[in-house]
Protein chains: 2
Amino acid sequence: MVRSDARENRARILQAAREALAEDGSASMNQIAQRAGVGPGTLYRNFPTREALALAVYQDEVERITGSVPELLAGMPPLEALRHWTTDLVEAMRRKHGLGDALSPGAHQAMSEQSYGPVIAAITQLLDAGKKDGSIRTDADPGDFLQLTGALWRAASGPEDRSPRMLALILDGLRTQPQR
Amino acid sequence: MVRSDARENRARILQAAREALAEDGSASMNQIAQRAGVGPGTLYRNFPTREALALAVYQDEVERITGSVPELLAGMPPLEALRHWTTDLVEAMRRKHGLGDALSPGAHQAMSEQSYGPVIAAITQLLDAGKKDGSIRTDADPGDFLQLTGALWRAASGPEDRSPRMLALILDGLRTQPQR
DNA sequence: ACGTTATGCGGAGACCTCTCCGCTTACTTT
DNA sequence: AAAGTAAGCGGAGAGGTCTCCGCATAACGT
């Protein structure tokens with residue numbers, strides 16, 4: 001059974017985090033807890049890491065992005081779809097400050113299936129489409145790709161945005177046929 | 001003029017950090033300062049970030065790695081040299097806990113030229129050799145490559161080491177001619 | 001040798017992350 | 001309605017990062 005106050009607290013935390021992160025991307029966990037009117041303990045029990053919180057706050061966005069895969073695949077070849085999708089993802093991560101780190105699974109603990117799963121699933125769909133039509137090498141691994149995406153995010157946050165060039169490089173590595 | 005006590009303090013900090021990091025890779029900055037017999041302020045004045053300190057401590061190692069480039073290039077084709085070099089780098093970063101983050105320039109501030117430069121220089125040498133003999137595409141950027149190396153490091157720290165597969169992918173992206 | 005000066009010291013302290021645990025309280029059972 | 005119970009709360013606090021600034025003192029001119 002889920003206690004009613006627990007449900008309300010969770011909602012209030014998400015609301016507070018949404019506001020606080022919108023105002024200041026680097027709002028502290030303490031500030032968010034205070035704003036939500038709960039203790040730090042409650043915040044951390046609901047969201048063990050800052051990343052888990054950020055991911056929950058932006059879950060709509062994550063869903064939007066992961067959900068756009070079929071549409072992309074319908075309208076263009078797999079490799080192009082993958083490029084667009086990844087660009088979208090990186091763009092969203094940059095806009096929503098703090099989301100980026102959430103997608104580096106190896107860094108700390110394995111992310112919860114809940115939030116890490118959909119992203120991997122989306123990548124898997126895209127890669128599989130390319131493997132099926134022969135444009136993407138069959139040994140491409142979704143986890144590897146996500147990991148590299150983390151580097152893209154970091155690159156996009158820098159002064160000069162290297163990410164398009166880096167993405168092109170990665171995609172060329174995924175190809176079966178050279179396109180150069 | 002450099003004050004003598006300043007010079008000594010810097011040396012003592014490096015010594016203490018070397019020992020402390022050898023014993024426990026996640027030794028706190030405070031612990032290191034205490035061990036060196038200086039205040040936290042002095043530690044942070046000499047090494048603004050944990051990464052700067054780690055890089056200074058392992059500078060020999062960094063020099064060894066960056067210095068091995070000519071030898072590698074003499075003994076094998078550029079792409080192979082690049083693979084070996086990068087594997088070495090990732091391996092060293094994994095062994096010496098805490099070095100890895102130091103090589104992600106975009107993450108926080110631009111790294112000091114002193115420490116970031118040699119690594120970029122080494123990569124530049126390797127890429128240039130490949131560009132010259134036509135095996136590496138001419139638009140390959142050393143900064144991009146370093147950034148991707150950061151992802152490799154993170155990948156190597158995880159439970160399963162994806163880094164060789166990821167490196168292969170990146171190198172295939174750098175190629176001018178397909179090799180598959 | 002002796003002031004003068006400004007370089008560098010280092011600890012107090014602001015603020016952070018994250019944990020632990022005694023108390024509160026929503027739900028269940030009778 | 002009353003009592004039982006365990007889920008959940010939240011604050012105290014341990015330990016961390018990093019800054020600021022009054023004070024000590026090394027280097028220099030005389």
Side-chain angles (χ1 to χ4, degrees), chain A residues 1-17 19-21 23-57 97-102 104 107-112 114-115, chain B residues 1-17 19-21 23-57 97-102 104 107-112 114-115:
Chain A
M1 193 60 207
V2 178
R3 272 171 55 163
S4 59
D5 54 345
R7 203 173 344 106
E8 277 165 28
N9 270 326
R10 191 167 218 279
R12 279 221 313 288
I13 289 172
L14 278 173
Q15 176 62 22
E19 293 167 12
L21 289 178
E23 288 171 16
D24 172 13
S26 63
S28 82
M29 294 294 267
N30 270 350
Q31 286 171 334
I32 293 172
Q34 196 160 17
R35 183 169 194 146
V38 304
T42 301
L43 173 53
Y44 278 96
R45 197 167 342 91
N46 278 281
F47 306 99
T49 66
R50 154 181 284 274
E51 289 73 24
L53 177 58
L55 211 49
V57 166
H97 212 113
L99 226 187
D101 284 328
S104 298
H108 294 91
Q109 300 297 9
M111 209 75 192
S112 83
Q114 177 74 345
S115 41
Chain B
M1 193 63 206
V2 179
R3 272 170 56 161
S4 60
D5 54 347
R7 205 175 340 108
E8 276 166 28
N9 270 326
R10 190 167 218 279
R12 279 221 313 288
I13 289 173
L14 277 173
Q15 177 63 23
E19 293 167 13
L21 288 178
E23 289 170 16
D24 171 13
S26 63
S28 83
M29 294 293 267
N30 270 350
Q31 286 172 336
I32 293 171
Q34 196 159 18
R35 183 167 194 148
V38 304
T42 301
L43 173 51
Y44 278 96
R45 197 168 338 95
N46 278 280
F47 306 98
T49 65
R50 154 180 283 275
E51 289 73 23
L53 177 59
L55 210 50
V57 167
H97 212 111
L99 227 187
D101 285 328
S104 298
H108 293 91
Q109 302 295 8
M111 209 73 191
S112 83
Q114 176 76 344
S115 41

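In what follows, every chain begins at residue 1, and chains take the letters A, B, ... in the order their sequences are listed. This structure is a prediction, so every number in the text was calculated from the model and none was measured.
Close to C/dC16, at under 4.0 Å from its OP1 or OP2, lies a side-chain N or O of A/Ser28. Residue A/Gln31 has no polar side-chain atom (N or O) positioned under 4.0 Å from OP1 or OP2 of C/dC15. Within the structure, a side-chain polar atom (N or O) of A/Asn9 is placed less than 4.0 Å from OP1 or OP2 of D/dC9. The side chain of B/Thr42 contributes an N or O atom lying less than 4.0 Å from OP1 or OP2 of C/dG10. Of the side-chain N and O atoms in A/Arg3, none sit less than 4.0 angstrom from OP1 or OP2 of C/dT25.
Taking CG of B/Asn9 as the start and OG1 of B/Thr42 as the end, the distance is 6.0 Å to the nearest 0.5 Å. The line from CG of B/Leu21 to CD of B/Glu19 is 10.5 Å long, rounded to the nearest 0.5 Å.
Here the closest heavy-atom approach between residue B/Leu53 and residue B/Ala17 is recorded as CD1-CB, 3.9 Å. Closest heavy-atom contact between A/Glu23 and A/Arg35: OE2-NH2, 2.9 Å.
Residue-level contact check: A/Pro40 touches the bases, meaning some heavy atom is under 4.0 Å from a base atom. No engagement by B/Glu8 is indicated, since no non-hydrogen atom pair under 4.0 Å with the nucleic acid exists.
Mapping B/Val2 and A/Arg45 onto DNA chain C via the closest heavy atom, the residue that lands nearer the 5' end is B/Val2.
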